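A short write-up of the structure that comes next.
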Amino acid sequence: MEDRRKKFDVHVLPYLDILYRAAVRLVGQKADAEDLVQESCLRAFAGIDRLRDVESCKAWLFTIMRSTYLRRWEEDPYRARVVGVENLEATLGDMKEVLHDTYESDPPYLHVVGLEIQSAISALPITFREAVVLADVARLSYREMARVLEIPLGTVMSRLYRGRRMLRATLSDYGSVRRPKLKAL
């Protein structure tokens with residue numbers, strides 16, 4: 001049990017922030033994202049002994065989170081419509097503390113920017129949203145994404161291209177809004 005916990009602490013805990021950020025972009029709501037990450041971590045802790053290649057831990061965690069999300073999404077059709085188109089041990093601490101996301105402390109205008117982008121990501125169909133989140137939030141390689149999504153490498157590249165193109169179209173007005181110039185000091 002001690003080795004299992006140590007392995008979890010060393011290989012899983014460093015990825016909690018990025019798992020949480022990806023979960024927020026995937027499900028669209030912080031409370032649901034916290035639940036998704038917590039359930040994913042419980043599954044990772046239970047299966048930590050099956051992690052053979054620690055270099056692929058990040059992809060392994062995202063695979064767990066994706067399957068947890070899809071299982072929940074398939075079981076609860078109401079959640080899928082609300083979300084969008086498509087007892088970790090006490091020593092880990094309070095989930096808000098463990099999952100603190102650094103963008104929450106940014107200036108208010110940056111949060112508004114995040115809301116518009118979050119809305120655009122949430123509006124993507126799930127297949128494209130997954131690809132965009134795994135690439136641009138989780139920073140997984142194409143190969144890792146293919147493993148997580150259980151699809152061929154070419155399909156990953158296609159979905160990511162199309163997802164980014166949809167985002168670009170949705171956010172085109174956002175990027176072209178004229179902003180006042182700041183005076184040089």
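Just so it is clear, the model here is predicted, and its values are computed rather than measured.
Looking at Y142 and L160, their side chains come closer than 4.5 Å, going by heavy atoms from C-beta outward. Two residues are said to be in side-chain contact when any heavy atoms from C-beta on lie closer than 4.5 Å; I151 and R159 meet this criterion. Side-chain contact between I64 and Y69 is absent, with no heavy-atom pair separated by less than 4.5 Å. Residues D53 and S56 meet the side-chain proximity criterion, which asks for heavy atoms closer than 4.5 Å.
Atom OG of S40 is separated from atom CG of D35 by 10.5 Å, given to the nearest 0.5 angstrom. R162 contributes atom CZ, which lies 11.5 Å from atom CG of L124 (distance to the nearest 0.5 angstrom). Note that the CZ atom of R139 and the CE atom of M145 stand 12.0 Å from one another [nearest 0.5 Å]. Separation of atoms CD (Q29) and CD (Q118) is listed at 9.5 Å; rounding is to 0.5 Å. To the nearest 0.5 Å, atom CG of residue L134 and atom NZ of residue K58 are 9.5 Å apart. With rounding to the nearest 0.5 Å, the separation of CZ in R21 from CD1 in I18 is 5.5 Å.
By the rule that hydrophobic residues join a cluster once side-chain heavy atoms approach within less than 4.5 Å of another member, I48 and V10 end up as members of separate clusters. Residues Y161 and L140 do not share a hydrophobic cluster, clusters being chains of Ile/Leu/Val/Met/Phe/Trp/Tyr side chains in contact below 4.5 Å.
Taking both residues in full, the closest heavy atoms of P152 and A146 are given as C-CB, 4.4 Å, listed atom of the first, atom of the second, then distance. Of all heavy-atom pairs spanning L16 and C41, the tightest one is CD2-SG, 3.2 Å. The shortest heavy-atom contact between H11 and C57 is O-SG, 3.0 Å. The two residues V37 and Y20 have their closest heavy-atom pair at CG2-CA, 3.7 Å. The two residues V148 and A59 make their nearest non-hydrogen contact at CG2-O, 3.2 Å. Here the closest heavy-atom approach between residue G47 and residue W60 is recorded as O-CZ2, 3.5 Å.
In this structure R164 satisfies the side chain to side chain donor-acceptor pair (under 3.5 Å) test together with D136, sequence neighbours excluded. Looking at residues two or more places apart in sequence or on another chain, you find a side chain to side chain donor-acceptor pair (under 3.5 Å) between E144 and S141.
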For E130 and L70, run side-chain contact (heavy atoms from CB on, under 4.5 Å): C-alpha distance rounded to whole Å, both residues' side-chain angles, the deciding distance at 0.1 Å, then the answer.
CA-CA 11 Å; E130 285 179 326; L70 290 176; 4.1 Å; yes

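Here E39 pairs with R43 in a salt bridge; the nearest charged N to carboxylate O distance falls below 4.0 Å. Electrostatic pairing of D9 and R5 counts as a salt bridge here, judged by a charged N lying under 4.0 Å from a carboxylate O.
Of the residues listed (L149, L19, V133), the one engaging F62 in a side-chain contact (heavy atoms from CB on, under 4.5 Å) is L19, and it is the only one. With respect to I121, the side-chain contact (heavy atoms from CB on, under 4.5 Å) criterion is satisfied by exactly one of V24, L167, L26, L171: L167. When each of R71, M65, R72 is tested with T68 by the rule side-chain contact (heavy atoms from CB on, under 4.5 Å), just one qualifies, namely R71.
Although no hydrogens or angles enter the test, the distance criterion places no donor-acceptor pair under 3.5 Å between the side chain of S158 and the main chain of G154. In this structure, the side chain of K7 does not engage the main chain of F45 through any donor-acceptor pair within 3.5 Å. The backbone N or O of R129 sits nowhere less than 3.5 Å from a side-chain atom of R25 that would complete a donor-acceptor pair. In this structure a side-chain-to-backbone donor-acceptor pair under 3.5 Å is present from R52 to D49.
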